[in-house]
Asks: 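What follows is a single structure, and I will ask about it in a moment.
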Amino acid sequence: MNHLSDVSLLGASPWWRPNPGTCLVIQGGRPLVGTYGVSGAKNAVLPLMVSALLTPRPVVLDNVPAILDVAVLSNLLQRLGADLTWSTGRTGRALTVCAERIHPRQIDRDLVARMRASVLLLGALLARCGEASLPLPGGDAIGLRGIDFHIAGLRAMGAEVEVNGGLIHATAPYGLCGAEIVLPQPSVGATENLLLAAVLAKGQTIIRNAAREPEITDLAQCLTMMGAAITGIGSDVLIIQGGRELAGADYTVMPDRIELGTIACAAAVTDGEVLLRHAHAELLGTARPAFAAAGVVLEDVRDGVIARRSPAGLTGIDIQTRPYPGFATDLQSPAMAMLATAAGASAITETIFEQRFRHVDELRKMGADITVLGTTAHVRGVDRLAGARVMATDVRAAAALVLAGLGAKGDTVLDGLDHLDRGYDGMAEKLVACGAVITRDKIG
Ligand code: UD1
């Protein structure tokens with residue numbers, strides 16, 4: 001993140017604390033014991049922030065995580081003309097977005113390149129203003145991540161979309177119209193983009209083979225609170241009666257199930273016991289029984305989940321990533337870091353993204369025994385990982401390497417902290433409160 005961008009990020013998100021040129025030093029081998037507050041979900045808050053563009057009335061979001069992606073999107077919304085106000089909410093940090101007037105001018109390439117979720121602006125701006133211009137979005141370096149489903153769906157709703165020289169230009173001169181759309185695969189982003197567009201489009205939209213991730217349910221519930229008519233929420237067929245004028249809303253962002261799963265694995269790896277507050281284990285979908293089979297005990301209590309290692313220890317399991325409620329691809333790398341020291345072998349198959357094994361080389365530097373054959377990583381558990389200097393290559397790989405470092409013998413130095421900051425609110429500080437020894441150091 002360059003200096004100029006940091007200045008504009010701070011303008012939109014005064015809480016943002018850039019950490020240029022720093023790395024994390026994790027002293028491994030301490031059991032995590034204590035209470036860890038699970039933050040609002042990154043993957044829920046981003047579409048929720050975009051939903052505020054659909055109405056001139058204020059939308060208040062509570063439990064907003066203090067992460068880089070939120071700072072970037074805040075800046076993008078501000079550049080589009082929205083007013084942003086930060087305050088202390090009931091559950092955490094609250095953000096009020098008031099998009100009374102919007103100028104759908106071309107959005108800053110540098111900011112969009114940092115975050116794939118910026119593609120959601122397309123559906124919302126088209127629906128609200130009838131036009132949108134956006135550089136092709138960036139995000140994690142984890143594969144092709146096309147946006148063809150988004151574009152095909154918007155075209156079916158009457159939009160004219162051109163992609164030229166790395167720029168998407170979309171117009172809907174006569175407004176968007178409801179349509180029946182069948183997604184070729186249940187894409188999270190495409191479902192959200194089309195949902196955002198459909199609530200203002202004239203008539204009925206049906207999205208078939210929709211993704212069912214809980215973050216989509218969060219978005220649909222907030223839109224309903226704003227006055228949208230959506231049925232089938234939580235299923236793979238969403239039916240939207242569009243065209244209603246939307247009001248504001250006051251909505252609390254759901255807890256981050258990926259942070260929950262990651263820290264639960266960390267508690268098990270370090271043989272500690274952590275109360276993960278504000279979350280419940282059901283959010284994990286089929287990752288819950290998979291973790292149980294691997295020896296991660298999860299006990300739902302009144303205000304959260306207690307995570308610990310089973311007395312029998314950790315055992316290898318086979319995992320295939322799948323759309324929700326299947327095993328989340330975002331938990332694949334943390335699970336691999338945990339299984340690297342489980343007894344026996346694990347086969348981890350990635351079916352969602354084609355380049356999501358970039359953490360494997362880093363885990364190998366720490367002594368993990370992992371072989372990748374096609375889309376499957378074969379993990380043979382070793383007794384213990386050893387601290388090493390490693391590099392985060394995407395947001396989930398960053399968390400996986402923190403986890404690996406917590407369980408390892410000696411010091412792990414983690415570079416590429418922008419990736420951790422993109423998705424996790426104060427993860428290092430919250431781990432330190434549970435007994436981890438983690439410091440920030442200058443790179444050099
Ligand atoms: C979202 C999540 C990300 C998670 C992923 C899968 C956010 C901000 N990010 O990403 O953390 O890992 O879901 O659970 O919520 N695809 C196409 N064409 C399209 C759209 C998708 O080919 O137009 C493909 C992608 O390349 C990928 C698969 O579909 O192989 C799933 O992608 P998708 O569900 O859209 O992921 P994102 O919404 O980008």
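In each ligand, atom 1 is the first atom listed, and ligand 1 is the first ligand listed. Being a predicted model, the structure only gives us computed values, none of them experimental.
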Asks: So, is G146 polar-close to ligand 1, with some N/O to N/O distance under 3.5 Å?
Replies: yes
Asks: Could an N or O of ligand 1 be found under 3.5 Å from any N or O of E354, whether backbone or side chain?
Replies: no
Asks: Enumerate the atoms of ligand 1 whose separation from the nearest heavy atom of G189 is less than 4.0 angstrom.
Replies: 35 (O), 38 (O)
Asks: Any heavy atom of E215 closer to ligand 1 than 4.0 angstrom?
Replies: no
Asks: Can a salt bridge be assigned to the pair E215 and R257 using a cut-off of 4.0 Å between side-chain N and carboxylate O?
Replies: yes
Asks: Quick check: E192 and ligand 1, any N/O pair under 3.5 Å apart?
Replies: no
Asks: Only heavy atoms count here, so choose which of T351, N193, N43, D148 is nearest to atom 8 (C) of ligand 1.
Replies: N43
Asks: State, with a plain yes or no, whether a side-chain heavy atom of M336 is found less than 4.5 Å away from one of V379.
Replies: yes
Asks: Among the heavy atoms of R356, does any lie under 4.0 Å from an atom of ligand 1?
Replies: yes
Asks: For atom 33 (P) of ligand 1, which candidate among L183, V395, V188 provides the closest heavy atom?
Replies: V188
Asks: Do T375 and T349 meet the criterion of a side-chain donor-acceptor pair at a distance under 3.5 Å?
Replies: no
Asks: When you compare the side chain of L24 with that of L420, does any pair of heavy atoms fall below 4.5 Å?
Replies: yes
Asks: Judged on heavy-atom distance to atom 11 (O) of ligand 1, which of D330, I352, V45 sits nearest?
Replies: D330
Asks: Please determine whether side-chain contact (heavy atoms from CB on, under 4.5 Å) holds for the pair V112 and V72, giving the CA-CA distance in whole Å, both sets of side-chain angles, and the decisive distance to 0.1 Å.
Replies: CA-CA 8 Å; V112 171; V72 171; over 6 Å; no
Asks: For residues H150 and V161, determine if any side-chain heavy atom of one lies less than 4.5 Å from a side-chain heavy atom of the other.
Replies: no
Asks: Evaluate R396 for polar contact with ligand 1, using N/O atom pairs at a separation under 3.5 Å.
Replies: no
Asks: Would you call R208 and E180 a salt bridge, taking side-chain N to carboxylate O under 4.0 Å as the test?
Replies: yes
Asks: For R57, does the CZ atom sit with more than 12 other heavy atoms under 6.0 Å from it, leaving out its own atoms?
Replies: no
Asks: Which one holds for R116 and ligand 1: side chain close, backbone close, both close, or neither close, with close meaning a heavy atom under 4.0 Å?
Replies: side chain
Asks: Using distance alone, decide if ligand 1 has a nitrogen or oxygen within less than 3.5 Å of any nitrogen or oxygen in S187.
Replies: yes
Asks: Regarding ligand 1, does A117 bring an N or O atom to under 3.5 Å of one of the ligand's N or O atoms?
Replies: no
Asks: Would D303 and R277 pass as an ion pair if we require N to O under 4.0 Å?
Replies: yes
Asks: Do D330 and R356 meet the salt-bridge criterion of a basic N to acidic O distance under 4.0 Å?
Replies: yes
Asks: Give the atom numbers and elements of ligand 1 that come within less than 4.0 Å of a heavy atom of T329.
Replies: 6 (C), 12 (O), 14 (O)
Asks: Considering both backbone and side-chain atoms of F149, is one of its nitrogen or oxygen atoms within less than 3.5 Å of a nitrogen or oxygen in ligand 1?
Replies: yes
